[in-house]
Amino acid sequence: MTTSDDGDTVLAPNGMVCSVDHLASCAGVAILRAGGSAADAAVATSAVLAVTTQHMCGMGGDLFALVHHGAPVPAALSAVGRAGTGADAAAMRAEGMTEIPIRGDVRAVTVPGCVDGWLALHERFGRLPIDQVLAPARSYAEKGFPASPLLVQAARSIAGVDGADDYRRSPALRAGDLVRRPMVARNLDAIVRTGRQGFYGGAFGRGLLAIGNGLFAAADLERSLAQWCAPLSVTAWGHEIWTVPPPSQGYLALAGARIADRLALPGDPNDGAWAHLLAEAARWAAYDRNEVLFDGADGVALLTDAALDARRAGIHPDRRTAPPAPARGGGTIYLCTADADGMAVSLIQSNAAGWGAHLVVPGTGIFLQDRGIGFTLEAGHPNELAPGRRPLHTLSPALVTRGDRLTAVLGTMGGDIQPQVVLQLLARLLRNGESPGRAVHAPRWTIGEGGFSTWSGAGPQVTTLEATAPASWETGLTRRGHDVVRADPQANAGHAHVIMRSANGVLAGASDPRALTGAAIGW
């Protein structure tokens, strides 16, 4: 493994893993070296992250993945939780609620799809036995792992949560303290012994039924949540760009790229017009997201040339413009892997907001996602909370090809801003020819203030720049009518990772320095 001349890109001939935690990346590379596929490495990496970064993901969350496996069309996996049989939007409205609570209310919880996603990915594309793939995660859960600075900071918010015993210390948890999660290790053992039944039909499933108190039925847990589905794609900057279909918002990154490809994007990313045009492409792609994105939405129709050309026509090179009103009047990790045989995986896994709903399944140590906040309580809306329905999802993995050849796998965490970050990475990599290291380390803009309400109401009114963004962005955006603010250094601008494969097969990857403990590791 070497680094390129830009100092931030890792090069390797045989395989690579990029993730938010160096322990997880190391585990994935060990699986590759043992003869595992990129899919094996992705599951191993994801499982370690479920142990070491519970504040961002876990077995109580959801998962999406794209797999390049040598065919012209990549495989797309949606392992997305569904609302329980007892979900009742009308009852919540009768209580005076206008939105689903983000914390402390089990009605924000959907049946977690992560474990079904692991098993589906491993069954179709894995080479090593599942016990070997999950062994690193089990070892860290049983024997312990050092707490990262981000985990320590996040753990302060769950001091009073029942079941958060793994993170309680006196004195308080500090970076480097050893954290053991024996209950999580037992759940991993159950998966190895009896597959999904060991999880959904075991201690976790029984605990979920109990904590749901009627929200979930046994039948909700018997149905696999993992679905192989047709991916979405557009052509932009001479490449095919792929993502997973609705209910994911991944189509927004593709729409933004297709719109931006037909704009006069400057060759210099420091030019204020570069930030302006990409921000406008992202805004015009997404202004009606909350109205058109729901379980069962037609993703292909959202990406037609006619639909995107109409949006591009509303963008002016020298001023911020206003899209029309819509027609109807965090806690996430991203990882990517690649192996020597040409397979690559783009995988994203999430609790939704931080530790999820701040609810722990009794006796398991597993925090539950609050993906239900992606639903609306508006009566009659196609995304209204309803039994068996999947919510609008922010998770947006991406994969890039040229012909049958893989160009890149990439993605980021970041709630609503994920497509905006992916769009900037695509522009830097494909339009401006930057290396993965330069693209990932470069400053970012975001429209809106992150979180999960970017596209609510009148939509985002502020363009936020990272502290390291060039002054030319601020000047150029302000001159074009953007309301510009500089972000706090700790503000969410995503934790992005990229792996690219060159024509000679060499892998080039980068992990986001914003994650502090992330790593791109190759061999």
[X] side, atom [atom1]; [Y] side, atom [atom2] - distance, nearest 0.5 Å:
| X | Y | atom1 | atom2 | result |
| --- | --- | --- | --- | --- |
| Cys336 | His497 | SG | NE2 | 7.0 Å |
| Arg180 | Leu178 | CZ | CG | 4.5 Å |
| Asp295 | Asn383 | CG | CG | 8.5 Å |
| Leu150 | Leu516 | CG | CG | 4.5 Å |

*Side-chain contact test, heavy atoms from C-beta onward, threshold under 4.5 Å: evaluate it for Val409 versus Leu66 and give yes or no.*
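Side-chain contact under 4.5 Å: no.
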*asked:* Test side-chain contact (heavy atoms from CB on, under 4.5 Å) on His393 and Ser350; report intermediate values, then the result.
replied: CA-CA 10 Å; His393 241 282; Ser350 175; 5.6 Å; no
*Step by step, work out the side-chain contact (heavy atoms from CB on, under 4.5 Å) result for Leu335 and Ser46.*
CA-CA 8 Å; Leu335 66 92; Ser46 178; 3.9 Å; yes
Pair [X]-[Y], side-chain donor/acceptor within less than 3.5 Å:
| X | Y | answer |
| --- | --- | --- |
| Thr394 | Arg371 | yes |
| Tyr334 | Ser396 | no |
| Thr52 | Asp21 | yes |

Salt-bridge test for [X] and [Y]: reply yes if a basic N is under 4.0 Å from a carboxylate O, no otherwise.
| X | Y | result |
| --- | --- | --- |
| Arg486 | Glu474 | yes |
| Arg82 | Asp220 | no |
| Asp165 | Arg168 | yes |
| Asp62 | Arg390 | no |

*asked:* Classify the ring geometry of Phe199 against Phe204: parallel below 30°, tilted from 30° to 60°, perpendicular beyond 60°.
replied: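 The arrangement is parallel - the two ring planes meet at less than 30°.
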*Measure up the Trp355 and Tyr167 rings against each other and bin them: parallel (under 30°), tilted (30 to 60°), perpendicular (over 60°).*
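Trp355 vs Tyr167 ring planes: perpendicular.
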_Applying the side chain to side chain contact (heavy atoms under 4.5 Å, CB included) criterion to Ile447, which one of Gln420, His482, Glu280, Gln461 satisfies it?_
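For Ile447, the side chain to side chain contact (heavy atoms under 4.5 Å, CB included) check succeeds only for Gln420.
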*More than 12 non-hydrogen atoms from neighbouring residues, nucleotides or ligands closer than 6.0 Å to CD on Glu384, yes or no?*
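Yes, enclosed.
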So, the side chain of [X] versus the backbone of [Y]: is there a donor-acceptor pair under 3.5 Å, distance only?
| X | Y | answer |
| --- | --- | --- |
| Thr517 | Val20 | yes |
| Thr463 | Val484 | no |
| Thr110 | Ala83 | no |

